[in-house]
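Order of the sequence lines fixes the chain letters, A, B, ..., with proteins taken first and strands second; residue numbering starts at 1 for each chain. Bear in mind that the values here come from a model prediction, so they are computed numbers and not experimental data.
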Protein chains: 2
Amino acid sequence: MHKDMILRLTKYYRILHKLKTLGLERVFANNLGDAVGVNAAVVRKDFSLLNIMGQKRGGYEIENLITDLDKILGKDKPQRAVIVGCGRIGSALMRYSGFAVDGIHIAAGFDINPAVCEDQHCPIPIYPMDELERFIQEEQIRVGIITVPEQASTEIFNRLRAVGIRGFLNFTPIELKVSRPAGTGAPIIIHNVNIALELEHIFYELNITENSEITAQLYGS
Amino acid sequence: MHKDMILRLTKYYRILHKLKTLGLERVFANNLGDAVGVNAAVVRKDFSLLNIMGQKRGGYEIENLITDLDKILGKDKPQRAVIVGCGRIGSALMRYSGFAVDGIHIAAGFDINPAVCEDQHCPIPIYPMDELERFIQEEQIRVGIITVPEQASTEIFNRLRAVGIRGFLNFTPIELKVSRPAGTGAPIIIHNVNIALELEHIFYELNITENSEITAQLYGS
DNA sequence: CCGAATACGTGAAAGTTATCACATAAATAC
DNA sequence: GTATTTATGTGATAACTTTCACGTATTCGG
């Protein structure tokens with residue numbers, strides 16, 4: 001499947017909501033293309049593949065488009081997740097207000113350190129680690145955010161998998177992955193967010209644009 | 001150019017350091033491929049394109065490989081960045097210990113709120129916003145991490161650009177981008193990290209594997 | 001009611017990236 | 001010293017994505 005298409009869909013979705021609040025009713029492939037940074041043909045093709053049809057001249061109706069994307073993106077169901085590891089990053093995510101606007105709800109946080117469980121005015125409960133399995137099963141959570149220290153990552157990953165978590169957002173520098181080949185059993189979705197890696201990437205790109213030796217090597221001698 | 005190659009290089013680089021600390025001296029394309037999750041041929045081709053040669057049977061010498069990647073990834077120069085916006089996420093990043101091991105140094109943080117500037121035992125100084133330009137110019141910083149609220153993102157982006165920042169790591173949900181076409185003047189590198197988007201992506205993928213209607217639409221009727 | 005303009009829908013072409021497969025060199029075994 | 005094994009190096013191939021380009025339906029003007 002078109003790997004980046006899902007990402008584009010979520011971006012369209014956001015733009016559409018913003019356009020809607022501005023009072024617009026229709027949107028053209030060119031508008032969405034500009035906003036997301038892709039060619040208009042990509043937008044049309046994306047929708048075409050999803051059997052989303054516009055009007056031959058009037059573009060796409062924002063309201064309908066949002067409804068369709070709601071269904072495709074799974075927004076009609078509750079989108080709940082837990083955060084495991086309430087250190088710096090975990091705590092910051094728990095208090096991040098951006099999730100709510102996207103319909104994502106952090107159901108709870110977990111940490112080995114009971115001190116953080118006593119947290120001041122945090123609206124989301126933080127439980128000790130031994131309640132992890134019970135909570136996830138009772139609440140039927142399927143997505144987990146891993147913000148534990150590096151050395152604990154695979155252990156937490158396995159615990160979460162064992163209790164039915166199937167979607168992972170991993171902030172540890174360890175690249176989590178499933179060993180068995182895709183297609184066997186229920187699929188596991190893992191996204192690794194590695195901030196240091198992103199920064200390195202940026203430094204590299206800056207470096208390459210200034211270093212003609214390397215540039216020559218890469219962009220054709 | 002091979003878009004994902006840079007990302008792979010940084011991943012190789014990490015693995016290599018870990019293998020080195022374990023006492024290994026050589027590594028095979030298959031090792032790196034397994035660790036990074038790609039085919040061994042990709043690894044060989046990556047190195048081949050960079051004119052990095054191994055031994056015909058003995059694999060690659062880790063020490064040499066690291067040295068080569070050091071140069072290619074720009075690790076021989078100091079990798080310094082500033083953080084603009086010291087809220088939840090910004091503060092968490094400032095105290096993140098993972099940067100140091102990758103040779104990245106956060107030179108300073110900036111915030112409109114003087115209160116956070118009085119921060120307790122934070123090893124990195126936090127300055128008020130009006131010192132932004134002076135500091136960046138004096139210290140010759142070229143990479144900025146934007147962790148301000150959404151509505152301030154483009155303003156900060158422009159200020160940073162004006163003062164010579166050329167690499168951006170953007171954590172606001174606004175997708176920053178340069179208007180003028182690539183190739184004009186010094187290139188600007190922007191990486192957008194959108195955590196909510198990543199989560200949405202996961203929910204979508206989980207959804208699609210359970211929703212046969214949509215699956216059928218996408219994976220061939 | 002007809003022609004011009006517009007923007008979608010989509011098959012085909014172009015471009016890009018990953019995979020395969022085999023020649024090649026080095027080390028090991030006998 | 002020769003045969004065998006191993007893992008690289010790379011041209012060719014395959015798979016995938018994006019872009020192009022043109023047919024088509026719809027709206028608007030007169």
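- The stretch residues 27-35 of chain B comes close to DNA chain D through B:Phe28, B:Ala29, each having a heavy atom under 4.0 Å from the strand.
- In this view, A:Arg80 and A:Glu139 satisfy the side-chain hydrogen bond (donor to acceptor under 3.5 Å, both in side chains) rule, not counting sequence neighbours.
- Every side-chain hydrogen bond (donor to acceptor under 3.5 Å, both in side chains) that A:His17 has, sequence neighbours left out, goes to A:Tyr13.
- Residues in residues 21-38 of chain B take part in no side-chain hydrogen bond (donor to acceptor under 3.5 Å, both in side chains) pair, two or more places apart or across chains.
- The CD1-P distance, from B:Ile52 to D:dT10, rounds to 13 Å in whole Å.
- Partners of A:Phe110 under the ring pair (Phe, Tyr, Trp, His ring centres under 6.0 Å) rule, at least two apart in sequence or in another chain, are A:Tyr127, A:Phe135.
- Remark: B:Tyr60 pairs with no residue by the side-chain hydrogen bond (donor to acceptor under 3.5 Å, both in side chains) rule, at least two apart or across chains.
- Residue contacts for A:Tyr60: at a heavy-atom cut-off of 4.0 Å it reaches the sugar-phosphate backbone alone, with no base atom in range.
- Remark: A:Ser48 is in phosphate contact with C:dT10, judged by side-chain N or O atoms under 4.0 Å from OP1 or OP2.
- A:Asn39 places its CG atom 14 Å from the C1' atom of C:dC8, with the value rounded to the nearest Å.
- Residues satisfying the side-chain contact (heavy atoms from CB on, under 4.5 Å) test with B:Gln137, not counting sequence neighbours, are B:Val163.
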* **Letter per nucleotide, 5' to 3', of nucleotides 21-30 of chain C [B base touched, S only sugar-phosphate touched, - untouched; heavy atoms, 4.0 Å]** => B--BBBBS--
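- Residues satisfying the side-chain hydrogen bond (donor to acceptor under 3.5 Å, both in side chains) criterion with A:Thr147, sequence neighbours excluded, are absent altogether.
- Between the side chains of B:Glu61 and B:Gln55, at least one donor N or O lies within less than 3.5 Å of an accepting N or O.
- Summarising the geometry, the separation between CG on B:Asp46 and C1' on D:dG9 is reported as 13 Å, rounded to the nearest angstrom.
- The side chain of A:Asp4 has D:dT18 as its nearest neighbour among D:dC20, D:dT18, D:dG9.
- In this structure, B:Met5 places its CE atom 14 Å from C1' of C:dT16, rounding to the nearest Å.
- Checking D:dG9, D:dG11, C:dG9 against the side-chain heavy atoms of B:Lys45 singles out D:dG11 as nearest.
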* Paired and unpaired positions of DNA chain D as dot-bracket, Watson-Crick or G-U wobble under 3.5 Å, | denoting a partner strand -> ||||||||||||||||||||||||||||||
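- Among residues two or more places apart in sequence or in another chain, the side-chain contact (heavy atoms from CB on, under 4.5 Å) test is passed with B:Asn158 by none.
- Between the CG atom of A:Leu49 and the C1' atom of D:dC16 there is a distance of 13 Å, rounded to whole Å.
- Using a 4.0 Å cut-off between charged nitrogen and carboxylate oxygen, A:Lys75 and B:Glu200 count as a salt-bridge pair.
- Every residue meeting the side-chain contact (heavy atoms from CB on, under 4.5 Å) condition with B:Lys20, not counting sequence neighbours, appears here in chain and number order: B:Ile62, B:Glu63, B:Ile66.
- Atoms CZ (B:Phe47) and P (D:dT8) sit 10 Å apart, rounded to a whole Å.
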